[in-house]
Amino acid sequence: MTRPFVTVYNEMSVDGRITDFAGDGVRYYAHGFSWPRDAILMGSTTAQAFGPRETDEEARGPGPDVSPDPVPPGFEEAVAGPRPLLVVVDGSGRVRSWRHAQAAPWYSGYVSLASERTPTGHLDHLDRRGVEVIRCGRDRVDLGEALRRLHDEHGVRRVRTDGGGRLTGALLAAGLVDELVVMVAPSLCESPTGRTLVELTRRLPAEAALLDLDDVTTLDGGVVVLRYRLCGSDQEATRTVSPASRAATSPVAPRAAAARPTTNT
Ligand SMILES: NC(=O)c1ccc[n+]([C@@H]2O[C@H](COP(=O)([O-])OP(=O)(O)OC[C@H]3O[C@@H](n4cnc5c(N)ncnc54)[C@H](OP(=O)(O)O)[C@@H]3O)[C@@H](O)[C@H]2O)c1
């Protein structure tokens with residue numbers, strides 16, 4: 001079994017933090033959705049931001065009524081083409097806001113990655129929500145097996161992440177990252193507890209931490225998008241640079257011209 005090409009994608013401050021800085025979530029997602037991708041791999045902490053968690057009573061029934069979200073201006077093209085699967089790593093069964101994810105216009109289908117330890121009650125809940133479950137791994141989700149099954153059973157060839165440093169750290173430690181794309185906002189993290197781009201629970205082998213710079217795109221407002229290929233990756237290169245993003249390469253425009261930044265948390 002082979003696995004898809006995996007691109008880690010984050011917006012960060014110049015000091016490498018992915019929360020508590022002046023970023024622009026709209027610009028970040030607009031850029032990310034402009035690349036070809038078959039699935040978005042999201043961490044369970046990130047996925048909980050879709051909406052309020054269902055109560056125990058709601059989770060056992062049909063759930064709250066949630067009206068479909070309109071397509072935000074500027075994202076019409078992103079939803080017109082083939083849409084990606086939303087795949088959430090959720091071995092502990094923490095995500096209970098699927099109704100909100102399903103109301104979003106971005107995804108073609110929904111998969112929750114579970115392990116042998118995922119509570120049965122949560123699997124029943126996912127079944128009621130029409131969320132497919134891929135069960136792999138004993139104590140935690142086996143990310144490598146999950147990616148291989150997405151490749152073989154769902155035809156997923158390109159994955160982009162939407163997660164934090166813990167998911168990225170776990171993917172890197174397992175040798176499952178091929179490309180790292182960081183949108184660098186011209187700002188510094190404002191908080192001593194700002195989360196970092198990569199959070200490791202063990203040392204990476206030196207050769208697994210080497211990157212080749214592949215592409216640099218400068219966007220308005222002093223924003224830079226850096227695209228690195230992992231030196232150790234032997235996956236077939238599937239460039240995720242879209243013609244639109246290449247066309248965006250331009251001299252640095254005055255920062256004042258940029259959209260008003262929002263805090264990315
Ligand atoms: N600036 C950006 O670009 C950006 C983008 C997305 C998110 N964020 C921010 O990132 C923060 C969340 O980051 P996070 O890293 O805590 O959460 P996360 O990426 O949302 O979730 C971490 C995920 O990694 C899984 N995981 C960790 N180690 C694993 C391992 N060894 N094997 C299998 N699965 C493993 C966890 O699984 P379990 O649940 O089973 O433990 C969990 O699903 C939020 O504040 C969010 O706003 C920023």
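Every number for a ligand or one of its atoms is a count from 1 in the order of the listing. Sequential numbering from 1 along the given sequence is applied to the chain's residues.
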Distance-only donor-acceptor check, side chains [X] and [Y], under 3.5 Å:
X	Y	result
Ser67	Asp65	no
Glu11	His31	no
Tyr29	Asp162	yes
Arg94	Ser44	yes

Any idea which atoms of ligand 1 are less than 4.0 Å away from a heavy-atom of [X]?
X	result
Glu11	1 (N), 2 (C), 3 (O)
Gly163	5 (C), 6 (C), 7 (C), 19 (O)
Gly91	40 (O)
Tyr28	3 (O), 5 (C)
Gly165	15 (O)
Val141	32 (N), 33 (C)
Asn10	2 (C), 3 (O), 4 (C), 5 (C)

Could you tell me whether some N/O pair between [X] and ligand 1 is separated by less than 3.5 angstrom?
X	answer
Ile18	yes
Thr46	yes
Tyr9	no
Ser44	yes
Ala47	no
Tyr29	no

Under the 6.0 Å and 45° cation-pi test, does Arg160 pair with Trp106?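 No.
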If you take the nearest heavy atom of each of Val89, Leu197, Leu113, Thr168, which one is closest to atom 34 (N) of ligand 1?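 It is Val89 that holds the nearest heavy atom.
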Look at the side chain of Arg117 and the backbone N and O of Val141, then say whether any donor-acceptor pair between them is shorter than 3.5 Å.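 Judged by distance alone, no pair lies under 3.5 Å.
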Keeping the roles fixed (side chain from His125, backbone from Ala59), state whether a donor-acceptor pair exists under 3.5 Å.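 Present.
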Under a 4.0 Å heavy-atom limit, does [X] contact ligand 1 with its side chain, its backbone, both, or neither?
X	result
Arg166	both
Ala170	side chain
Arg195	side chain

Angle between ring planes, Phe75 versus Phe33, binned at 30° and 60°: parallel, tilted or perpendicular?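 Rings of Phe75 and Phe33: perpendicular, over 60°.
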For Glu116, is the CD atom crowded, meaning more than 12 foreign heavy atoms sit under 6.0 Å from it?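 Enclosed: over 12 neighbouring heavy atoms sit under 6.0 Å from CD of Glu116.
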Do NZ/NE/NH1/NH2 and the carboxylate oxygens of Arg96 and Asp56 come within less than 4.0 Å?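 Salt bridge between Arg96 and Asp56, a charged N being under 4.0 Å from a carboxylate O: yes.
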For a quick test of reading the model, state the closest non-hydrogen atom pair linking Gly163 to Ile18 and the distance between them.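 Here Gly163 and Ile18 meet closest at O-CD1, 4.5 Å.
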